[in-house]
Amino acid sequence: LAYWYWPGTREQPIEALEAARFKENAAIIQQCIKQEQRMQSAGSLGGLVDVGSSGADAESVCADKHGLVMRDGQWHKR
């Protein structure tokens, strides 16, 4: 009788992979929104108009920029 041991890693369940992907997509959107808000602040300090985006507009700009869409409360790739 012989035993065989698999030295590799176990595959994660699909749900865990999807959850990780949703978390990563949310982080991408949040980082982009912060960047847009910084651009808006810099533009207003410099006296410029229409620099960056604010609020929900920043969210839609970032979603378009990164190819993401909000569905069922999660960010999905298009």
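What you are looking at is a predicted structure, and each value in this text was computed from that prediction instead of being measured. Starting from 1, each residue takes its place in the sequence as its number.
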Applying side chain to side chain contact (heavy atoms under 4.5 Å, CB included), can you list everything that pairs with His76, at least two apart in sequence or on another chain?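 Expected list: Phe22, Val69, Arg71, Gln74.
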With sequence neighbours excluded, what pairs up with Lys23 under the side chain to side chain contact (heavy atoms under 4.5 Å, CB included) test?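 Not a single residue meets the side chain to side chain contact (heavy atoms under 4.5 Å, CB included) criterion with Lys23.
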Atom [atom1] of [X] and atom [atom2] of [Y]: how far apart are they, to the nearest 0.5 Å?
{"X": "His66", "Y": "Asn25", "atom1": "NE2", "atom2": "CG", "result": "10.0 Å"}
{"X": "Asp57", "Y": "Ile33", "atom1": "CG", "atom2": "CD1", "result": "10.5 Å"}
{"X": "Glu59", "Y": "Asp64", "atom1": "CD", "atom2": "CG", "result": "11.0 Å"}
{"X": "Gln30", "Y": "Cys62", "atom1": "CD", "atom2": "SG", "result": "9.0 Å"}

Sequence-distant partners of Lys34, side chain to side chain donor-acceptor pair (under 3.5 Å), two or more places apart: none
N-O pairing of Lys65 and Glu36 below 4.0 Å: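 Looking at Glu36 together with Lys65, the answer is yes, because their closest N to O distance falls below 4.0 Å.
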Could you go through the side-chain contact (heavy atoms from CB on, under 4.5 Å) check for Leu68 and Arg78 one step at a time? CA-CA 6 Å; Leu68 297 170; Arg78 290 186 186 177; over 6 Å; no
For Trp75 versus Ala63, what's the shortest heavy-atom pair and its separation?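 That closest heavy-atom pairing would be CZ3-CB, 3.7 Å.
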